[in-house]
Amino acid sequence: MDRVVLTVAEEADGERADQFLAENVDYMTRSAVARLLTGNAAVSGGRILKKSSIVHTDDEVVFEIPDAVKLDVEPEDIPLDIYYEDDDLLVVYKPKGMVVHPAPGNYTGTLVNALLYHCGDSLSGINGVLRPGIVHRIDKDTSGLLLVAKNDMAHTSLAAQLKEHSITRVYQAVVYGTNLQDEGEIDAPIGRSLKDRKKMAVVNDGRPAQTGYSVVKRYRGFTHIECKLKTGRTHQIRVHMAYIGHPVAGDQIYGPTKVITALHGQCLHAGKLGFVHPRTGEYMEFSAGLPAYFTDFLSTLEEM
């Protein structure tokens with residue numbers, strides 16, 4: 001078990017405990033911190049900190065991070081489309097319809113099952129039992145490139161780059177409507193929806209979220225856009241585009257009630273991924289062309 005001892009700086013006075021710890025423990029996400037706090041993993045001045053507890057200047061916070069637990073998920077011989085691999089990391093293409101990590105209802109057939117078969121024990125344990133090596137994720141019905149860490153050194157470095165917003169993540173999407181500016185930025189905080197806790201939404205007390213976009217081509221009733229993530233909130237592009245009145249085509253959660261079922265989910269593709277290699281310091285960038293479901297939809301729009 002790792003024990004981290006932190007002193008609250010003046011600029012962090014009044015922050016929630018989960019926010020403070022996520023900002024100061026490089027390899028921990030806020031959701032991971034919150035899970036540990038439910039198990040009394042942090043104390044300050046003799047009081048157990050919950051995720052909503054407030055910390056103050058000069059408080060000493062002791063945070064205990066449990067050792068990685070042996071993974072109880074079976075390796076599966078599922079073919080992987082690997083764009084790059086070395087001893088520290090790999091860049092892999094996730095097709096539409098594949099779940100990234102096991103969860104209730106999806107304990108087999110996931111990217112993690114495939115990675116366990118391909119990598120064996122060579123995956124970082126930082127992100128917990130069900131997410132070995134997973135640095136970031138994309139939704140089941142989003143296609144595209146993902147980073148996977150093979151050791152804790154690589155994971156810590158890549159997670160820090162994510163936190164600093166220095167990883168390049170560029171998506172392609174088709175959205176409803178045509179009256180978008182040629183380019184723009186959506187800067188609106190995202191958190192759990194107040195109306196439906198299973199959904200995300202733009203909310204006043206959400207986490208900061210910025211999405212840049214530019215128009216690739218306009219069609220009748222739809223627009224092909226390119227989006228660059230400056231932050232990486234859950235469902236960020238889908239929530240932001242719906243917020244400005246241009247939901248992603250095929251989106252069954254944030255789109256119109258009459259969904260385009262032929263797309264089998266949102267028309268959203270993580271096409272470009274760039275990062276600094278944690279060992280060599282070299283900037284690396286990879287691109288994945290548009291998949292068939294995306295190009296077929298564009299062809300349909302051309303004919304409208």
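If you're wondering where the values come from, they're calculated on a predicted model, not measured in any experiment. All heavy atoms count here, side chains included; hydrogens, waters and symmetry mates do not.
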TODO: Check step by step if side chain to side chain contact (heavy atoms under 4.5 Å, CB included) holds for E60 and V5.
DONE: CA-CA 7 Å; E60 184 178 85; V5 180; 3.6 Å; yes

Cut-off 3.5 Å, side chains only: do [X] and [Y] have a donor facing an acceptor?
X    : Y    : value
Y254 : H235 : yes
N179 : H246 : yes
Q210 : H240 : no
Q236 : T231 : yes
Y176 : T223 : no
S287 : Y83  : no
T110 : N113 : yes

Keeping [X] on the side-chain end and [Y] on the backbone end, is there a donor-acceptor pair under 3.5 Å?
X    : Y    : result
S157 : A154 : no
S166 : Q161 : yes
N24  : F20  : yes

Whether [Y] and [X] form a salt bridge (side-chain N of Lys/Arg under 4.0 Å from carboxylate O of Asp/Glu) is what I want to check.
X    : Y    : result
K150 : E85  : yes
R238 : D251 : yes
D196 : K198 : no
K96  : D141 : no
E226 : K217 : no

Count I, L, V, M, F, W, Y as connected when their side-chain heavy atoms are under 4.5 Å apart, and connections chain through other members. Are [X] and [Y] then in the same cluster?
X    : Y    : value
I244 : V215 : yes
V100 : L80  : yes
L123 : I82  : yes
L229 : V202 : yes
L162 : V170 : no

Can you tell me how far [atom2] of [Y] sits from [atom1] of [X], rounded to the nearest 0.5 angstrom?
X    : Y    : atom1 : atom2 : value
S53  : L37  : OG    : CG    : 8.0 Å
R16  : K50  : CZ    : NZ    : 13.0 Å
D87  : S122 : CG    : OG    : 8.0 Å
K230 : T211 : NZ    : OG1   : 9.5 Å
L146 : I138 : CG    : CD1   : 4.5 Å
L115 : I134 : CG    : CD1   : 5.5 Å

Between [X] and [Y], is any pair of side-chain heavy atoms under 4.5 Å apart?
X    : Y    : answer
Y171 : K228 : no
L147 : L273 : yes
I190 : V203 : no
Y293 : S143 : yes
V8   : H56  : no
L268 : F294 : no
M200 : R233 : no
L298 : V174 : yes

Under 6.0 Å from the [atom1] atom of [X], do we count more than 12 heavy atoms belonging to anything else shown?
X    : atom1 : result
E285 : CD    : yes
R47  : CZ    : yes
Y117 : OH    : no
E302 : CD    : yes

Open item on the list: side chain to side chain contact (heavy atoms under 4.5 Å, CB included) for L89 and H277? Distances and angles first, verdict last.
Closed with: CA-CA 9 Å; L89 58 88; H277 193 285; 3.8 Å; yes

Open item on the list: Set out, in order, the CA-CA distance, both residues' side-chain angles and the distance that settles side chain to side chain contact (heavy atoms under 4.5 Å, CB included) for R279 and M153, then state yes or no.
Closed with: CA-CA 9 Å; R279 190 174 301 276; M153 179 280 294; 3.2 Å; yes

Task: Test side chain to side chain contact (heavy atoms under 4.5 Å, CB included) applied to H118 and L90, step by step - done: CA-CA 11 Å; H118 177 77; L90 56 85; 4.2 Å; yes

Can you name the nearest heavy-atom pair linking [X] to [Y], along with the distance?
X    : Y    : result
V135 : A159 : CG1-N, 4.3 Å
P102 : V112 : CD-CB, 3.7 Å
H269 : G289 : NE2-O, 3.1 Å
A249 : I260 : CB-CD1, 4.1 Å
T142 : A270 : CG2-N, 4.4 Å
Q181 : Y213 : O-CE1, 3.6 Å

Open item on the list: By the definition side chain to side chain contact (heavy atoms under 4.5 Å, CB included), identify the one residue from R218, M241, Q172 that meets it with I225.
Closed with: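 Among the candidates, only M241 passes.
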
TODO: Indicate the ring-plane relationship of F222 and F297, choosing parallel, tilted or perpendicular according to the 30° and 60° boundaries.
DONE: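 F222 and F297: perpendicular rings.
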
Open item on the list: Suppose we call two aromatic rings close when their centres sit under 6.0 Å apart. Are F286 and Y84 close by that rule?
Closed with: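 F286 vs Y84: aromatic centres under 6.0 Å.
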
